[in-house]
Number of protein chains: 2
Amino acid sequence: MARPKAIENRIELIIEAADELFARYGYERTSVEDIARHLNIGKGSIYLDFPTKEEILITILRRHAQRMHEFMEKKVESSSRSPLKTLQEMMEESVTMVFDIVTRDIHTPEALLHTSIQMKSRCSDFFARKRALILKLLVKAAAAGEISKSKANEDVALALMMGTSALFPPYYNNYFETTSKITKADLSKRATVLIKTLISGLKKADY
Amino acid sequence: MARPKAIENRIELIIEAADELFARYGYERTSVEDIARHLNIGKGSIYLDFPTKEEILITILRRHAQRMHEFMEKKVESSSRSPLKTLQEMMEESVTMVFDIVTRDIHTPEALLHTSIQMKSRCSDFFARKRALILKLLVKAAAAGEISKSKANEDVALALMMGTSALFPPYYNNYFETTSKITKADLSKRATVLIKTLISGLKKADY
DNA sequence: TTATTGACCAAAACCGACGATTAGTCAATA
DNA sequence: TATTGACTAATCGTCGGTTTTGGTCAATAA
């Protein structure tokens with residue numbers, strides 16, 4: 001007689017517990033045993049579902065990225081405004097959204113997705129999908145006659161992401177003389193001016 | 001009878017020697033005594049001219065920044081093209097210029113100005129002056145009727161610097177899925193698309 | 001028979017003391 | 001009075017010993 005599973009949705013429980021503990025104590029400072037203890041299961045059980053500790057984190061991050069992307073996608077789908085206006089809104093919104101996530105609690109796994117270079121590269125399709133979303137809006141805008149067709153391509157989408165990358169963590173300072181942390185109001189204002197200029201630049205006739 | 005100075009232009013000599021040694025061995029790995037030995041003077045003499053070792057480095061960096069700025073300024077002054085076109089050229093050129101400096105030899109003090117966050121903030125007026133130069137061209141462009149007057153201001157100048165900051169070291173990747181180092185050709189291409197979009201965005205009517 | 005466990009292992013992290021290096025000082029010297 | 005180099009205090013890197021912890025697997029429980 002086969003032994004029945006004691007815990008049904010163990011994977012989910014592990015992710016949930018890890019998410020909470022990582023957020024509270026940080027990834028490095030919570031051990032796999034901590035997670036197991038928190039769930040009253042053996043440490044070995046965790047390794048039945050995840051090959052490594054890091055994989056737990058990656059899974060959490062991917063889910064967060066997925067949620068964030070779905071949110072943006074839904075927003076884009078449901079928008080009745082002009083494609084270009086929607087693009088502008090989407091870009092501005094993602095700036096403040098990420099800022100909020102990062103400033104709320106830097107230790108949270110969600111914040112890690114935006115602050116850790118390594119995690120970024122492990123979840124790199126997050127950027128690829130964002131770029132795809134931008135491209136989609138560019139194509140729409142071209143179809144609507146808002147921009148020239150020649151601008152609805154990968155290169156322009158990438159340029160938009162590069163151009164706005166200074167608006168995301170780690171908020172690298174290649175342009176400003178202060179070292180102090182940027183405030184939300186300030187970031188928001190800068191984002192508006194920059195994104196407007198970029199969007200406006202798309203509208204022009206072909207170069 | 002006062003003792004006559006043994007070395008006339010000691011400050012210059014120290015800067016010269018430090019520049020060479022820093023470039024060869026790196027700032028950390030060359031001691032003040034190395035510099036003194038290289039010039040056959042006592043270590044104490046160096047502290048007659050410079051309060052700290054770091055101040056020697058800062059002096060070198062400031063000079064480099066000064067040279068670089070003068071080069072840009074001259075270029076801008078002598079350009080007979082339209083102010084906006086000149087701005088575009090200047091921005092594109094500074095991208096490749098910095099790339100060359102950084103890739104030639106990462107240990108060189110000149111490279112440090114562009115790669116070390118700390119050094120950047122110590123030479124922060126480098127960025128302020130670049131921004132001033134951009135603003136100057138914006139004002140010119142407005143006077144020439146190329147852009148609206150309302151866009152010839154500090155905020156727009158800052159937006160341009162933020163928008164292009166991804167084109168400078170440390171080449172932070174908030175937009176791309178590869179982790180590999182960027183090539184000059186690729187950087188150059190990305191710079192062109194991005195800067196053209198930004199410049200084009202300025203031309204548009206008021207937002 | 002199979003899901004689960006926790007003792008076990010090796011490797012990495014941590015610690016703290018010791019020794020070496022070096023930025024910066026200052027009384028002695030030219 | 002310009003210059004020096006021995007001196008000091010603090011930092012840095014090293015190294016052994018100790019602890020922690022990610023990951024394994026034979027034993028156990030159902």
Side-chain angles (χ1 to χ4, degrees), chain A residues 1-62 107 109 112 116-119 122, chain B residues 1-62 107 109 112 116-119 122:
Chain A
M1 178 61 138
R3 179 179 177 184
K5 280 186 181 175
I7 312 154
E8 203 45 57
N9 53 344
R10 195 175 46 208
I11 293 183
E12 287 307 316
L13 289 174
I14 291 172
I15 288 175
E16 220 171 279
D19 194 16
E20 183 185 329
L21 293 177
F22 289 166
R24 191 151 9 136
Y25 304 111
Y27 173 73
E28 303 290 350
R29 308 194 78 77
T30 83
S31 67
V32 176
E33 212 161 352
D34 287 336
I35 300 170
R37 207 162 25 227
H38 192 264
L39 293 171
N40 279 318
I41 63 175
K43 185 167 73 150
S45 300
I46 288 177
Y47 285 93
L48 297 175
D49 294 327
F50 295 93
T52 65
K53 178 187 176 189
E54 197 186 27
E55 206 55 39
I56 304 176
L57 179 62
I58 298 285
T59 304
I60 294 173
L61 294 191
R62 278 205 233 281
H107 291 299
L112 224 60
S116 154
I117 307 165
Q118 203 188 347
M119 287 307 127
R122 291 296 302 269
Chain B
M1 179 60 139
R3 179 179 176 184
K5 279 187 182 175
I7 313 152
E8 201 47 54
N9 54 344
R10 193 176 47 208
I11 293 182
E12 288 307 315
L13 289 175
I14 291 171
I15 288 176
E16 222 170 278
D19 195 15
E20 183 186 329
L21 293 177
F22 289 165
R24 188 147 16 133
Y25 305 110
Y27 174 72
E28 303 290 349
R29 307 194 77 78
T30 83
S31 68
V32 176
E33 212 160 353
D34 287 337
I35 300 170
R37 208 163 23 229
H38 193 264
L39 292 171
N40 279 319
I41 64 174
K43 186 166 72 148
S45 300
I46 288 177
Y47 285 93
L48 296 175
D49 293 327
F50 295 93
T52 64
K53 179 187 175 188
E54 196 186 27
E55 205 56 38
I56 304 175
L57 179 62
I58 297 286
T59 304
I60 294 172
L61 294 190
R62 279 205 231 283
H107 290 301
L112 224 60
S116 155
I117 308 164
Q118 205 189 347
M119 287 308 127
R122 291 297 301 270

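By convention in this document, chain letters (A, B, ...) are assigned in the order of the sequence lines, proteins followed by strands, and residues within each chain are numbered from 1.
For B/Glu12, the CD atom counts as densely surrounded, since its 6.0 Å shell holds more than 12 non-hydrogen atoms of other residues, nucleotides or ligands.
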List the protein contact pattern of nucleotides 18-28 of chain C with one symbol per nucleotide (5' to 3'): B for base contact, S for sugar-phosphate-only contact, - for none; contact means a heavy-atom distance under 4.0 Å. -----BBB---

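Using a 4.0 Å heavy-atom cutoff across all strands shown, B/Arg10 reaches sugar-phosphate atoms only and no base atom.
The ring pair (Phe, Tyr, Trp, His ring centres under 6.0 Å) check on B/Phe50 picks up nothing, with sequence neighbours excluded. Qualifying side-chain contact (heavy atoms from CB on, under 4.5 Å) partners for B/Gln118, counting only residues two or more places apart in sequence or in other chains: B/Glu54, B/Ser116.
As a whole-Å value, the separation of A/Asp49 CG from C/dA3 P is 11 Å. Distance, A/Leu39 CG to C/dG6 C1': 16 Å, rounded to whole Å. Across the protein-nucleic acid pair, A/Ile11 atom CD1 and C/dT4 atom C1' stand 15 Å apart, rounded to whole Å. In this structure, A/Ile14 places its CD1 atom 13 Å from P of D/dG23, rounding to the nearest Å. Per the geometry, CD1 belonging to A/Ile46 stands 18 Å off P belonging to C/dA3, to the nearest Å.
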N/O to N/O distances under 3.5 Å, protein versus nucleotides 9-11 of chain D:
none

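How far CD of A/Glu16 is from CD1 of A/Ile60: 10.5 Å, rounded to the nearest 0.5 Å. Atom CD1 of B/Ile58 sits about 8.0 Å away from atom OG1 of B/Thr52, to the nearest 0.5 Å. Summarising the geometry, atom CD belonging to B/Glu33 is positioned 12.0 Å from atom NZ belonging to B/Lys53; distances are rounded to the nearest 0.5 Å.
At least one side-chain heavy atom of B/Ile46 sits under 4.5 Å from a side-chain heavy atom of B/Ile56. Residues A/Met119 and A/Leu57 are in side-chain contact: their nearest non-hydrogen atoms beyond the backbone lie under 4.5 Å apart.
When each of D/dT3, D/dT4, C/dT5 is scored by its nearest atom to the side-chain atoms of A/Leu48, the top-ranked nucleotide is C/dT5.
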Just the dot-bracket of DNA chain C, please: which string comes out with Watson-Crick or G-U pairs under 3.5 Å, [ ] for crossing, | for another strand? ||||||||||||||||||||||||||||||

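When every heavy atom of B/Glu55 is checked against every heavy atom of B/Arg122, the shortest pair comes out as OE1-NH2, 3.9 Å.
When A/Leu39, A/Asp34, A/Ile35 are each tested for a side-chain contact (heavy atoms from CB on, under 4.5 Å) with A/Arg37, only one passes: A/Asp34.
Counting only residues at least two apart or on different chains, the side chain to side chain donor-acceptor pair (under 3.5 Å) pairs with a member in residues 38-49 of chain B are B/Arg10-B/Asp49.
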